[in-house]
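Worksheet: the structure to be examined is printed underneath.
Throughout, a chain's letter reflects where its sequence line sits, starting with A, and its residues are numbered from 1.
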There are 2 protein chains.
Amino acid sequence: MKLYNYFRSSASFRVRIALNLKGLSYEYLPVHLAKGEHRRAEFTSLSSEGLVPLLELDNGQRITQSMAIIEYLEETHPQSALLPADAIGRARVRALAQLIACEVHPLNNLRVLKYLTHELAQNEAAKNSWYRHWVALGLQAFEARLAEAPATFSHGETPTLADCCLVPQIFNAQRFDCDLSAYPRTMAVFEACMKLDAFQKAQPSACPDAEK
Amino acid sequence: MKLYNYFRSSASFRVRIALNLKGLSYEYLPVHLAKGEHRRAEFTSLSSEGLVPLLELDNGQRITQSMAIIEYLEETHPQSALLPADAIGRARVRALAQLIACEVHPLNNLRVLKYLTHELAQNEAAKNSWYRHWVALGLQAFEARLAEAPATFSHGETPTLADCCLVPQIFNAQRFDCDLSAYPRTMAVFEACMKLDAFQKAQPSACPDAEK
(Lines give C-alpha, C1' and ligand atoms only; values in the text may rest on other atoms or scores of the structure.)
Protein backbone atom coordinates (compact mmCIF):
# COMPACT_ATOMS: atom_id res chain seq x y z
CA MET A 1 0.00 0.00 0.00
CA LYS A 2 1.00 3.59 -0.62
CA LEU A 3 -0.12 6.45 1.57
CA TYR A 4 -0.07 9.91 0.03
CA ASN A 5 0.16 12.18 3.00
CA TYR A 6 1.75 15.18 4.70
CA PHE A 7 3.58 15.11 8.00
CA ARG A 8 1.50 17.94 9.48
CA SER A 9 -1.91 16.82 8.18
CA SER A 10 -4.09 15.61 11.06
CA ALA A 11 -6.17 13.45 8.78
CA SER A 12 -3.00 11.79 7.42
CA PHE A 13 -1.75 11.30 10.98
CA ARG A 14 -4.98 9.41 11.84
CA VAL A 15 -4.34 6.91 9.06
CA ARG A 16 -0.65 6.50 9.93
CA ILE A 17 -1.69 5.58 13.48
CA ALA A 18 -4.27 3.06 12.24
CA LEU A 19 -1.77 1.44 9.86
CA ASN A 20 0.79 1.19 12.67
CA LEU A 21 -1.71 -0.20 15.19
CA LYS A 22 -2.61 -2.90 12.69
CA GLY A 23 1.05 -3.59 11.91
CA LEU A 24 0.58 -2.84 8.20
CA SER A 25 3.57 -1.58 6.26
CA TYR A 26 3.13 1.13 3.65
CA GLU A 27 5.08 3.37 1.36
CA TYR A 28 5.08 6.99 2.54
CA LEU A 29 4.54 9.42 -0.33
CA PRO A 30 4.74 13.05 0.79
CA VAL A 31 2.44 15.71 -0.69
CA HIS A 32 3.52 19.14 0.53
CA LEU A 33 0.25 20.93 1.33
CA ALA A 34 1.84 24.23 2.35
CA LYS A 35 3.56 24.35 -1.07
CA GLY A 36 0.27 23.48 -2.81
CA GLU A 37 1.44 20.12 -4.19
CA HIS A 38 -2.07 18.71 -3.61
CA ARG A 39 -3.41 21.07 -6.29
CA ARG A 40 -0.89 19.98 -8.96
CA ALA A 41 -2.00 17.70 -11.79
CA GLU A 42 0.31 14.87 -10.64
CA PHE A 43 -1.84 14.61 -7.54
CA THR A 44 -5.31 15.66 -8.72
CA SER A 45 -5.05 13.05 -11.48
CA LEU A 46 -4.92 10.49 -8.66
CA SER A 47 -7.61 12.13 -6.51
CA SER A 48 -10.05 14.71 -7.81
CA GLU A 49 -10.62 15.84 -4.21
CA GLY A 50 -7.03 17.02 -4.00
CA LEU A 51 -6.88 16.05 -0.35
CA VAL A 52 -4.57 13.90 1.72
CA PRO A 53 -4.58 11.23 2.99
CA LEU A 54 -5.05 9.07 -0.09
CA LEU A 55 -4.48 5.33 0.24
CA GLU A 56 -3.49 3.42 -2.88
CA LEU A 57 -3.87 -0.34 -2.67
CA ASP A 58 -1.45 -2.74 -4.34
CA ASN A 59 -4.01 -3.31 -7.13
CA GLY A 60 -4.09 0.44 -7.85
CA GLN A 61 -7.51 1.16 -6.28
CA ARG A 62 -7.54 4.37 -4.30
CA ILE A 63 -9.45 5.39 -1.18
CA THR A 64 -9.91 8.93 0.11
CA GLN A 65 -11.11 10.43 3.41
CA SER A 66 -9.29 9.35 6.55
CA MET A 67 -12.24 7.75 8.34
CA ALA A 68 -13.33 5.85 5.22
CA ILE A 69 -9.73 4.61 4.87
CA ILE A 70 -9.62 3.46 8.50
CA GLU A 71 -13.01 1.71 8.23
CA TYR A 72 -11.69 -0.04 5.10
CA LEU A 73 -8.53 -1.14 6.92
CA GLU A 74 -10.70 -2.37 9.79
CA GLU A 75 -12.88 -4.46 7.47
CA THR A 76 -10.01 -5.93 5.47
CA HIS A 77 -7.45 -6.32 8.29
CA PRO A 78 -9.53 -6.98 11.41
CA GLN A 79 -6.55 -7.79 13.64
CA SER A 80 -5.93 -5.17 16.34
CA ALA A 81 -9.55 -4.08 16.08
CA LEU A 82 -10.10 -0.32 16.05
CA LEU A 83 -13.84 -0.70 16.67
CA PRO A 84 -15.43 -2.63 19.57
CA ALA A 85 -17.37 -5.84 19.00
CA ASP A 86 -20.79 -4.47 20.07
CA ALA A 87 -22.92 -2.15 17.92
CA ILE A 88 -23.48 0.39 20.71
CA GLY A 89 -19.75 0.47 21.45
CA ARG A 90 -18.99 0.94 17.77
CA ALA A 91 -21.52 3.79 17.64
CA ARG A 92 -19.86 5.45 20.64
CA VAL A 93 -16.37 5.15 19.11
CA ARG A 94 -17.55 6.49 15.76
CA ALA A 95 -19.35 9.38 17.49
CA LEU A 96 -16.21 10.28 19.47
CA ALA A 97 -14.16 10.14 16.26
CA GLN A 98 -16.71 12.30 14.42
CA LEU A 99 -16.82 14.78 17.28
CA ILE A 100 -13.21 15.54 16.30
CA ALA A 101 -13.41 14.84 12.56
CA CYS A 102 -16.72 16.65 11.86
CA GLU A 103 -16.92 19.31 14.57
CA VAL A 104 -13.37 20.49 15.27
CA HIS A 105 -10.84 19.61 12.61
CA PRO A 106 -12.75 20.86 9.51
CA LEU A 107 -12.86 24.35 11.01
CA ASN A 108 -9.18 24.44 11.79
CA ASN A 109 -7.38 22.94 8.84
CA LEU A 110 -4.92 24.80 6.67
CA ARG A 111 -7.28 25.88 3.91
CA VAL A 112 -9.78 27.34 6.35
CA LEU A 113 -7.11 29.26 8.25
CA LYS A 114 -5.84 30.60 4.92
CA TYR A 115 -9.37 31.77 4.01
CA LEU A 116 -9.63 33.62 7.33
CA THR A 117 -6.31 35.36 6.69
CA HIS A 118 -6.68 36.14 3.00
CA GLU A 119 -10.37 36.43 2.09
CA LEU A 120 -11.61 37.66 5.48
CA ALA A 121 -8.47 39.70 6.29
CA GLN A 122 -8.32 38.41 9.84
CA ASN A 123 -5.15 39.00 11.84
CA GLU A 124 -3.14 36.40 13.73
CA ALA A 125 -4.98 37.03 17.00
CA ALA A 126 -8.42 36.59 15.43
CA LYS A 127 -7.26 33.44 13.66
CA ASN A 128 -5.93 32.01 16.91
CA SER A 129 -9.17 32.86 18.74
CA TRP A 130 -11.15 31.09 16.03
CA TYR A 131 -8.89 28.06 16.29
CA ARG A 132 -9.09 27.89 20.07
CA HIS A 133 -12.85 28.45 20.12
CA TRP A 134 -13.61 25.32 18.11
CA VAL A 135 -11.00 23.25 19.93
CA ALA A 136 -12.50 24.27 23.28
CA LEU A 137 -16.07 23.48 22.22
CA GLY A 138 -15.06 20.10 20.84
CA LEU A 139 -12.81 19.06 23.71
CA GLN A 140 -15.36 20.12 26.34
CA ALA A 141 -17.80 17.71 24.70
CA PHE A 142 -15.13 15.02 24.32
CA GLU A 143 -14.15 15.35 28.01
CA ALA A 144 -17.79 15.06 29.10
CA ARG A 145 -18.25 11.95 26.98
CA LEU A 146 -15.13 10.32 28.46
CA ALA A 147 -16.64 10.79 31.93
CA GLU A 148 -19.55 8.53 30.89
CA ALA A 149 -17.28 5.50 30.75
CA PRO A 150 -13.79 6.22 32.10
CA ALA A 151 -11.07 3.95 30.69
CA THR A 152 -7.43 3.98 29.67
CA PHE A 153 -8.25 4.92 26.09
CA SER A 154 -11.20 6.89 24.68
CA HIS A 155 -13.27 3.71 24.72
CA GLY A 156 -12.02 0.76 26.72
CA GLU A 157 -8.56 -0.67 27.26
CA THR A 158 -7.28 -0.76 23.69
CA PRO A 159 -6.90 2.09 21.18
CA THR A 160 -9.74 2.69 18.73
CA LEU A 161 -10.70 4.92 15.82
CA ALA A 162 -11.56 7.57 18.41
CA ASP A 163 -7.94 7.67 19.59
CA CYS A 164 -6.71 7.81 15.97
CA CYS A 165 -8.70 11.06 15.66
CA LEU A 166 -8.05 12.48 19.13
CA VAL A 167 -4.26 12.34 19.18
CA PRO A 168 -3.64 14.41 15.99
CA GLN A 169 -6.15 16.98 17.27
CA ILE A 170 -4.23 17.34 20.54
CA PHE A 171 -0.96 17.75 18.62
CA ASN A 172 -2.59 20.55 16.64
CA ALA A 173 -4.09 22.16 19.71
CA GLN A 174 -0.66 22.20 21.34
CA ARG A 175 0.83 23.79 18.21
CA PHE A 176 -1.73 26.59 18.55
CA ASP A 177 -1.06 26.97 22.29
CA CYS A 178 -4.57 25.97 23.31
CA ASP A 179 -5.08 25.69 27.05
CA LEU A 180 -5.77 22.00 27.62
CA SER A 181 -5.87 22.07 31.43
CA ALA A 182 -9.68 21.75 31.51
CA TYR A 183 -9.56 18.31 29.87
CA PRO A 184 -7.73 15.99 32.29
CA ARG A 185 -9.47 12.80 31.13
CA THR A 186 -8.78 13.63 27.50
CA MET A 187 -5.14 14.41 28.21
CA ALA A 188 -4.74 11.17 30.20
CA VAL A 189 -6.00 9.26 27.15
CA PHE A 190 -3.58 11.24 24.96
CA GLU A 191 -0.68 10.32 27.27
CA ALA A 192 -1.71 6.64 27.26
CA CYS A 193 -1.72 6.67 23.46
CA MET A 194 1.68 8.35 23.25
CA LYS A 195 3.21 5.53 25.30
CA LEU A 196 2.57 3.26 22.32
CA ASP A 197 5.02 2.89 19.43
CA ALA A 198 2.15 3.04 16.90
CA PHE A 199 1.38 6.63 17.92
CA GLN A 200 5.01 7.68 18.49
CA LYS A 201 6.08 6.52 15.03
CA ALA A 202 3.11 8.22 13.33
CA GLN A 203 3.69 11.67 14.81
CA PRO A 204 4.65 14.53 12.50
CA SER A 205 8.23 14.84 13.75
CA ALA A 206 8.85 11.16 12.95
CA CYS A 207 7.72 11.49 9.32
CA PRO A 208 10.20 11.45 6.42
CA ASP A 209 8.96 14.86 5.21
CA ALA A 210 9.07 16.45 8.68
CA GLU A 211 10.26 20.05 8.98
CA LYS A 212 11.32 21.79 12.15
CA MET B 1 -36.84 5.05 18.92
CA LYS B 2 -36.82 8.78 19.53
CA LEU B 3 -35.00 11.23 17.30
CA TYR B 4 -34.14 14.59 18.81
CA ASN B 5 -33.75 16.82 15.80
CA TYR B 6 -34.50 20.11 14.08
CA PHE B 7 -36.27 20.48 10.78
CA ARG B 8 -33.55 22.64 9.26
CA SER B 9 -30.55 20.68 10.59
CA SER B 10 -28.77 18.92 7.73
CA ALA B 11 -27.33 16.31 10.03
CA SER B 12 -30.82 15.55 11.41
CA PHE B 13 -32.17 15.38 7.85
CA ARG B 14 -29.55 12.69 7.01
CA VAL B 15 -30.82 10.48 9.82
CA ARG B 16 -34.49 11.04 8.95
CA ILE B 17 -33.73 9.85 5.39
CA ALA B 18 -31.91 6.75 6.67
CA LEU B 19 -34.76 5.87 9.06
CA ASN B 20 -37.30 6.28 6.24
CA LEU B 21 -35.25 4.26 3.75
CA LYS B 22 -35.09 1.43 6.27
CA GLY B 23 -38.79 1.74 7.07
CA LEU B 24 -38.14 2.38 10.75
CA SER B 25 -40.70 4.39 12.68
CA TYR B 26 -39.55 6.92 15.27
CA GLU B 27 -40.85 9.63 17.54
CA TYR B 28 -39.89 13.10 16.32
CA LEU B 29 -38.71 15.34 19.16
CA PRO B 30 -37.94 18.88 18.00
CA VAL B 31 -35.02 20.85 19.47
CA HIS B 32 -35.15 24.43 18.21
CA LEU B 33 -31.54 25.29 17.39
CA ALA B 34 -32.20 28.87 16.35
CA LYS B 35 -33.82 29.47 19.77
CA GLY B 36 -30.87 27.79 21.51
CA GLU B 37 -32.89 24.88 22.92
CA HIS B 38 -29.87 22.58 22.35
CA ARG B 39 -27.97 24.52 25.01
CA ARG B 40 -30.66 24.16 27.70
CA ALA B 41 -30.20 21.70 30.54
CA GLU B 42 -33.17 19.58 29.41
CA PHE B 43 -31.19 18.72 26.32
CA THR B 44 -27.56 18.85 27.50
CA SER B 45 -28.50 16.41 30.28
CA LEU B 46 -29.30 13.95 27.48
CA SER B 47 -26.28 14.80 25.34
CA SER B 48 -23.22 16.64 26.61
CA GLU B 49 -22.39 17.55 23.03
CA GLY B 50 -25.54 19.66 22.78
CA LEU B 51 -25.96 18.72 19.14
CA VAL B 52 -28.75 17.23 17.08
CA PRO B 53 -29.44 14.64 15.84
CA LEU B 54 -29.55 12.47 18.94
CA LEU B 55 -31.09 9.01 18.65
CA GLU B 56 -32.55 7.45 21.78
CA LEU B 57 -33.16 3.73 21.62
CA ASP B 58 -36.14 2.07 23.30
CA ASN B 59 -33.79 0.87 26.09
CA GLY B 60 -32.75 4.47 26.80
CA GLN B 61 -29.28 4.24 25.21
CA ARG B 62 -28.38 7.32 23.19
CA ILE B 63 -26.27 7.76 20.07
CA THR B 64 -24.90 11.05 18.75
CA GLN B 65 -23.37 12.14 15.43
CA SER B 66 -25.40 11.55 12.29
CA MET B 67 -22.99 9.21 10.52
CA ALA B 68 -22.44 7.12 13.67
CA ILE B 69 -26.22 6.87 14.02
CA ILE B 70 -26.65 5.76 10.42
CA GLU B 71 -23.84 3.18 10.70
CA TYR B 72 -25.57 1.87 13.84
CA LEU B 73 -28.91 1.63 12.03
CA GLU B 74 -27.16 -0.17 9.18
CA GLU B 75 -25.60 -2.73 11.53
CA THR B 76 -28.75 -3.37 13.53
CA HIS B 77 -31.32 -3.11 10.69
CA PRO B 78 -29.48 -4.33 7.59
CA GLN B 79 -32.58 -4.34 5.36
CA SER B 80 -32.50 -1.65 2.64
CA ALA B 81 -28.72 -1.57 2.91
CA LEU B 82 -27.19 1.90 2.90
CA LEU B 83 -23.69 0.54 2.29
CA PRO B 84 -22.67 -1.76 -0.59
CA ALA B 85 -21.63 -5.35 0.01
CA ASP B 86 -17.98 -4.95 -1.07
CA ALA B 87 -15.31 -3.26 1.05
CA ILE B 88 -14.11 -0.98 -1.77
CA GLY B 89 -17.69 0.07 -2.50
CA ARG B 90 -18.28 0.79 1.18
CA ALA B 91 -15.10 2.84 1.29
CA ARG B 92 -16.26 4.86 -1.73
CA VAL B 93 -19.70 5.50 -0.21
CA ARG B 94 -18.21 6.52 3.13
CA ALA B 95 -15.71 8.79 1.37
CA LEU B 96 -18.50 10.49 -0.62
CA ALA B 97 -20.50 10.92 2.59
CA GLN B 98 -17.48 12.35 4.41
CA LEU B 99 -16.72 14.69 1.52
CA ILE B 100 -20.00 16.38 2.49
CA ALA B 101 -19.99 15.69 6.22
CA CYS B 102 -16.33 16.55 6.94
CA GLU B 103 -15.43 19.04 4.20
CA VAL B 104 -18.54 21.13 3.48
CA HIS B 105 -21.21 20.98 6.15
CA PRO B 106 -19.02 21.70 9.22
CA LEU B 107 -18.00 25.03 7.70
CA ASN B 108 -21.53 26.08 6.92
CA ASN B 109 -23.64 25.13 9.89
CA LEU B 110 -25.52 27.60 12.03
CA ARG B 111 -22.97 28.04 14.79
CA VAL B 112 -20.17 28.77 12.33
CA LEU B 113 -22.24 31.31 10.41
CA LYS B 114 -23.11 32.97 13.73
CA TYR B 115 -19.41 33.18 14.63
CA LEU B 116 -18.66 34.85 11.29
CA THR B 117 -21.41 37.41 11.91
CA HIS B 118 -20.83 38.10 15.59
CA GLU B 119 -17.21 37.42 16.50
CA LEU B 120 -15.69 38.25 13.10
CA ALA B 121 -18.17 41.06 12.26
CA GLN B 122 -18.67 39.81 8.72
CA ASN B 123 -21.58 41.20 6.72
CA GLU B 124 -24.20 39.18 4.86
CA ALA B 125 -22.25 39.27 1.58
CA ALA B 126 -19.06 37.96 3.16
CA LYS B 127 -21.01 35.24 4.96
CA ASN B 128 -22.68 34.17 1.73
CA SER B 129 -19.33 34.14 -0.11
CA TRP B 130 -17.89 31.93 2.62
CA TYR B 131 -20.87 29.60 2.37
CA ARG B 132 -20.73 29.34 -1.40
CA HIS B 133 -16.94 28.90 -1.45
CA TRP B 134 -17.03 25.68 0.60
CA VAL B 135 -20.10 24.37 -1.20
CA ALA B 136 -18.40 24.91 -4.57
CA LEU B 137 -15.15 23.23 -3.48
CA GLY B 138 -17.02 20.24 -2.09
CA LEU B 139 -19.47 19.81 -4.94
CA GLN B 140 -16.72 20.13 -7.58
CA ALA B 141 -15.02 17.19 -5.92
CA PHE B 142 -18.30 15.30 -5.53
CA GLU B 143 -19.17 15.84 -9.20
CA ALA B 144 -15.74 14.58 -10.28
CA ARG B 145 -16.12 11.48 -8.15
CA LEU B 146 -19.55 10.72 -9.62
CA ALA B 147 -17.97 10.74 -13.08
CA GLU B 148 -15.76 7.80 -12.00
CA ALA B 149 -18.77 5.47 -11.85
CA PRO B 150 -21.94 7.09 -13.22
CA ALA B 151 -25.15 5.62 -11.78
CA THR B 152 -28.65 6.62 -10.75
CA PHE B 153 -27.60 7.35 -7.18
CA SER B 154 -24.24 8.48 -5.80
CA HIS B 155 -23.09 4.87 -5.81
CA GLY B 156 -25.07 2.33 -7.79
CA GLU B 157 -28.77 1.85 -8.30
CA THR B 158 -30.03 2.15 -4.73
CA PRO B 159 -29.64 5.02 -2.27
CA THR B 160 -26.74 4.88 0.18
CA LEU B 161 -25.23 6.80 3.08
CA ALA B 162 -23.71 9.11 0.46
CA ASP B 163 -27.17 10.15 -0.72
CA CYS B 164 -28.32 10.64 2.88
CA CYS B 165 -25.53 13.26 3.18
CA LEU B 166 -25.78 14.77 -0.31
CA VAL B 167 -29.49 15.64 -0.36
CA PRO B 168 -29.53 17.83 2.79
CA GLN B 169 -26.42 19.61 1.49
CA ILE B 170 -28.19 20.44 -1.78
CA PHE B 171 -31.24 21.73 0.13
CA ASN B 172 -28.92 24.01 2.09
CA ALA B 173 -27.05 25.14 -1.00
CA GLN B 174 -30.36 26.07 -2.62
CA ARG B 175 -31.37 28.04 0.48
CA PHE B 176 -28.16 30.05 0.12
CA ASP B 177 -28.72 30.56 -3.62
CA CYS B 178 -25.59 28.66 -4.63
CA ASP B 179 -25.18 28.22 -8.38
CA LEU B 180 -25.48 24.47 -8.91
CA SER B 181 -25.39 24.47 -12.72
CA ALA B 182 -21.80 23.17 -12.79
CA TYR B 183 -22.81 19.90 -11.12
CA PRO B 184 -25.20 18.11 -13.51
CA ARG B 185 -24.36 14.59 -12.32
CA THR B 186 -24.80 15.60 -8.69
CA MET B 187 -28.11 17.30 -9.41
CA ALA B 188 -29.36 14.27 -11.38
CA VAL B 189 -28.64 12.13 -8.31
CA PHE B 190 -30.44 14.68 -6.14
CA GLU B 191 -33.50 14.54 -8.44
CA ALA B 192 -33.46 10.72 -8.39
CA CYS B 193 -33.44 10.79 -4.59
CA MET B 194 -36.27 13.30 -4.40
CA LYS B 195 -38.48 10.97 -6.42
CA LEU B 196 -38.48 8.65 -3.42
CA ASP B 197 -40.92 8.97 -0.53
CA ALA B 198 -38.13 8.37 2.00
CA PHE B 199 -36.44 11.61 0.94
CA GLN B 200 -39.66 13.59 0.38
CA LYS B 201 -40.99 12.79 3.84
CA ALA B 202 -37.68 13.66 5.52
CA GLN B 203 -37.33 17.13 4.00
CA PRO B 204 -37.48 20.17 6.28
CA SER B 205 -40.86 21.40 5.03
CA ALA B 206 -42.43 18.01 5.87
CA CYS B 207 -41.24 18.07 9.51
CA PRO B 208 -43.65 18.72 12.39
CA ASP B 209 -41.54 21.69 13.57
CA ALA B 210 -41.24 23.22 10.09
CA GLU B 211 -41.44 26.99 9.76
CA LYS B 212 -41.97 28.94 6.59
(message) Are there residues of residues 89-102 of chain B whose heavy atoms fall under 4.5 Å of chain A's heavy atoms? If so, which?
(response) Arg90(B), Ala91(B), Arg94(B), Ala95(B), Gln98(B), Leu99(B), Ala101(B), Cys102(B)
(message) Among residues at least two apart in sequence or on other chains, which ones pass ring pair (Phe, Tyr, Trp, His ring centres under 6.0 Å) with Phe142(B)?
(response) none
(request) First locate atom CD1 of Ile88(A), then atom OH of Tyr72(B), and finally report the distance between them rounded to the nearest 0.5 Å. (result) 4.5 Å
(request) Under 4.5 Å heavy-atom distance to chain A, tell me which part of Ile69(B) shows up: side chain, backbone, both or neither. (result) neither
(message) Between Val112(A) and chain B, with a heavy-atom cut-off of 4.5 Å, which part of the residue counts as in contact: side chain, backbone, both or neither?
(response) both
(request) With a 4.5 Å heavy-atom cut-off (strictly below), which parts of residues 160-193 of chain B touch chain A? List them by number. (result) none
(request) Go through the atoms of His133(A) and report whether side chain, backbone, both or neither lie under 4.5 Å from a heavy atom of chain B. (result) side chain
(message) For residues 39-68 of chain B, give me every residue with a non-hydrogen atom less than 4.5 Å from any non-hydrogen atom of chain A.
(response) Ser48(B), Glu49(B), Leu51(B), Leu57(B), Gln61(B), Ile63(B), Thr64(B), Gln65(B), Met67(B), Ala68(B)
(request) Quick one: closest heavy-atom pair of Ala87(A) and Thr76(B), and the distance? (result) CB-CG2, 4.0 Å
(request) Name the orientation class of the two ring planes belonging to Tyr115(B) and Trp134(A) (parallel below 30°, tilted from 30 to 60°, perpendicular beyond 60°). (result) tilted
